[in-house]
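Data block below; observations after.
Every number for a ligand or one of its atoms is a count from 1 in the order of the listing.
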Amino acid sequence: MPAFQSVAVIGAGAWGTALATVAARAGRSVTLWARNAEHAARIASTRDNPRLPGVMLTPDIVVTSELALAARADMILIATPAQHLRGAVNALASHLTGPVPIIACAKGIEHGTHKFMTDVIAEAAPAAQPAILSGPSFADDVARGLPTAVTLAAKDEQLASALVQALGSPTFRPYHSTDVRGVEIGGAAKNVLAIAVGIAVGRKLGASAQAALTTRGFAELARFGRTLGARGETLGGLSGLGDLILTCSSPQSRNFALGLALGRGEKAPAGKLAEGESTAPVLIELAASQNIEMPVSQAVAAILDGKTTIDAAISGLLTRPFKAEE
Ligand SMILES: NC(=O)C1=CN([C@@H]2O[C@H](COP(=O)(O)OP(=O)(O)OC[C@H]3O[C@@H](n4cnc5c(N)ncnc54)[C@H](OP(=O)(O)O)[C@@H]3O)[C@@H](O)[C@H]2O)C=CC1
Ligand SMILES: O=C(CO)COP(=O)(O)O
């Protein structure tokens with residue numbers, strides 16, 4: 001039996017719900033925590049979450065709004081939006097009784113502090129063992145049992161490997177890693193780049209432009225990652241290049257869909273979380289503080305902030321001086 005028999009998932013959105021199904025499929029006893037008691041009760045009775053419609057939760061998954069119940073699990077996944085991760089872990093911390101692994105499943109960087117997800121966990125719950133799970137995985141695909149592979153990183157390799165054993169199944173294949181920073185950088189940056197590629201597709205710039213922008217996006221993601229200490233194999237792996245490819249190529253991605261709407265001159269899809277919107281300003285602030293050139297991300301941040309038009313941003317990128325490829 002794996003070291004971690006019980007799993008709690010904090011945040012009953014699309015991703016939290018999909019991860020609850022993953023853990024149940026792997027044979028764990030699962031608690032899914034929703035912050036809203038009515039929401040929890042409705043999911044518990046209907047077994048269907050409107051945030052991930054059409055996916056029936058198996059009867060063994062406990063759905064609750066009682067945090068103390070969730071805090072008893074052997075391992076805890078946090079699947080709130082990135083900007084709410086600190087609040088969720090703060091609330092959880094007082095209920096924790098030991099050095100439980102807390103796995104960040106959000107993709108982003110905290111506003112104001114410029115902290116990555118595992119750093120936020122380490123601050124909010126100092127006794128916990130922070131880890132990160134990220135990679136190319138749409139909640140809907142994962143919940144339906146379509147094959148998916150992700151990266152799960154913790155500083156301690158044995159811990160990362162044990163967490164993989166607890167969550168993995170033939171259709172959800174986590175690869176373990178100790179490159180925590182590399183994994184969290186890929187997940188945060190790819191959302192911003194997906195908005196850029198969505199814009200280009202929405203503007204009908206063509207498949208060649210889509211490939212070029214995705215590749216130059218990867219160049220700046222990798223430049224950023226290398227400067228912050230990420231490993232090359234992580235940046236080129238599932239949580240970096242893998243997730244970038246997925247998110248920059250499918251309208252199923254909310255970040256890509258946001259870009260698509262902007263590029264077409266339409267309104268942003270209502271009520272859909274696109275983490276790249278929150279990440280863009282923080283990413284470019286961090287990049288600027290380290291003198292890292294990130295022209296595509298900068299263009300996205302400027303468009304979202306209303307500082308430039310889409311046409312001016314595209315023209316700005318296309319007229320940059322020619323240079324060596326790196
Ligand atoms: N959807 C996907 O395919 C994937 C998403 N992710 C990442 O997972 C994270 C969450 O995304 P996703 O689930 O899709 O988003 P959703 O918008 O579907 O759900 C977000 C959920 O978080 C809950 N929430 C918000 N604030 C808090 C809080 N302070 N405490 C507890 N719960 C809170 C919301 O609760 P309420 O319902 O009450 O509003 C909601 O249920 C993002 O960072 C995203 O990038 C990663 C991989 C795949
Ligand atoms: O992170 C994801 C897939 O790996 C989900 O992408 P979106 O948040 O853009 O929908």
Side-chain angles (χ1 to χ4, degrees), residues 8-22 32-43 49-53 55 63-67 70 76-92 103-110 116-117 120 124 132-144 146 148-152 172 174 183-184 186-198 238-261 268-279:
V9 182
I10 303 297
W15 193 218
T17 305
L19 288 168
T21 67
V22 157
L32 175 61
W33 182 85
R35 62 176 168 174
N36 179 303
E38 262 178 50
H39 190 194
R42 197 168 54 242
I43 303 170
N49 183 348
R51 290 200 179 270
L52 193 62
V55 171
V63 187
T64 183
S65 60
E66 275 183 52
L67 203 48
I76 300 176
L77 309 179
I78 312 285
T80 65
Q83 304 308 322
H84 293 283
L85 182 128
R86 186 183 292 273
V89 180
N90 272 336
L92 189 65
I103 308 175
C105 303
K107 296 176 179 175
I109 308 170
E110 192 177 52
F116 288 94
M117 299 292 95
V120 174
I132 177 105
L133 182 153
S134 196
S137 46
F138 287 131
D140 199 63
D141 296 351
V142 169
R144 287 174 200 286
L146 299 178
T148 323
V150 298
T151 310
L152 198 166
F172 186 79
V183 173
E184 44 201 355
K190 66 88 189 175
N191 282 333
V192 178
L193 299 165
I195 296 175
V197 177
L238 290 161
S239 57
L241 182 59
D243 210 356
L244 185 73
I245 291 172
L246 177 73
T247 321
C248 290
S249 63
S250 169
Q252 202 176 330
S253 153
R254 295 160 298 184
N255 288 284
F256 183 91
L258 168 64
L260 206 54
K272 296 272 182 198
L273 174 74
E275 287 280 29
E277 255 187 308
S278 314
T279 306

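Of all protein heavy atoms, the one closest to atom 10 (C) of ligand 1 is Ala79 O, 3.5 Å. In terms of protein heavy atoms, atom 17 (O) of ligand 1 is closest to Arg51 NH1, 3.6 Å. Nearest protein neighbour of atom 6 (O) of ligand 2, counting heavy atoms only, is Lys190 NZ, 3.6 Å. With hydrogens left out, the protein atom closest to atom 10 (O) of ligand 2 is Arg254 N, 2.8 Å, a heavy atom. When hydrogens are left out, the protein atom nearest atom 19 (O) of ligand 1 is Gly13 CA, 3.2 Å; that is the closest non-hydrogen contact. Looking at atom 4 (O) of ligand 2, its nearest protein heavy atom turns out to be Asp243 OD1, 2.6 Å. Nearest to atom 1 (N) of ligand 1 among the protein's heavy atoms is Arg254 NH2, 3.1 Å. Scanning all protein heavy atoms for the shortest distance to atom 8 (O) of ligand 1 gives Trp15 CD1, 3.2 Å.
With a heavy-atom cut-off of 4.0 Å, Thr80 touches ligand 1 through backbone and side chain alike. Neither the backbone nor the side chain of Ala34 comes within 4.0 Å of ligand 1, counting heavy atoms alone. Contacts with ligand 1 closer than 4.0 Å are made by side-chain heavy atoms of Arg35 only, the backbone lying farther away.
The Lys107 neighbourhood of ligand 1 comprises atoms 43 (O), 45 (O), 46 (C), 47 (C), with distances under 4.0 Å to a heavy atom of that residue. Each of the atoms 41 (O) of ligand 1 lies under 4.0 Å from some heavy atom of Ala12. Residue Leu246 approaches ligand 2 through these ligand atoms, each under 4.0 Å from one of its heavy atoms: 3 (C), 4 (O). Taking every non-hydrogen atom of Pro136 and a distance limit under 4.0 Å, the qualifying atoms of ligand 2 come out as 4 (O). The distance from ligand 1 to the heavy atoms of Cys105 drops below 4.0 Å at these ligand atoms: 7 (C), 8 (O), 46 (C). Shown in contact with Trp33 at under 4.0 Å from a heavy atom are these atoms of ligand 1, numbered in order with element: 31 (C). Close contacts of ligand 1 with Ala139, meaning ligand atoms under 4.0 Å from a residue heavy atom, involve 1 (N), 2 (C), 3 (O). Less than 4.0 angstrom separates some heavy atom of His39 from each of these atoms of ligand 1: 37 (O). Listed by number with element, the atoms of ligand 2 under 4.0 angstrom from any heavy atom of Ser253 are 7 (P), 9 (O), 10 (O). Remark: ligand 1 atoms within the under-4.0 Å shell around heavy atoms of Phe138 are 3 (O).
Using modelled atom types, one finds a donor on one side chain and an acceptor on the other under 3.5 Å when comparing Asn49 with Thr17.
Not a single heavy atom of Gly108 sits under 4.0 Å from any atom of ligand 1. Distances from ligand 1 to the non-hydrogen atoms of Ser137 include at least one value under 4.0 Å. In this structure, Glu275 falls outside the shell of residues with a heavy atom less than 4.0 angstrom from ligand 2.
Here's the thing with Ala14: one of its N/O atoms is less than 3.5 angstrom from an N/O atom of ligand 1. For ligand 2, the polar-atom distance check finds an N/O of Gly135 within less than 3.5 Å of one of the ligand's N/O atoms.
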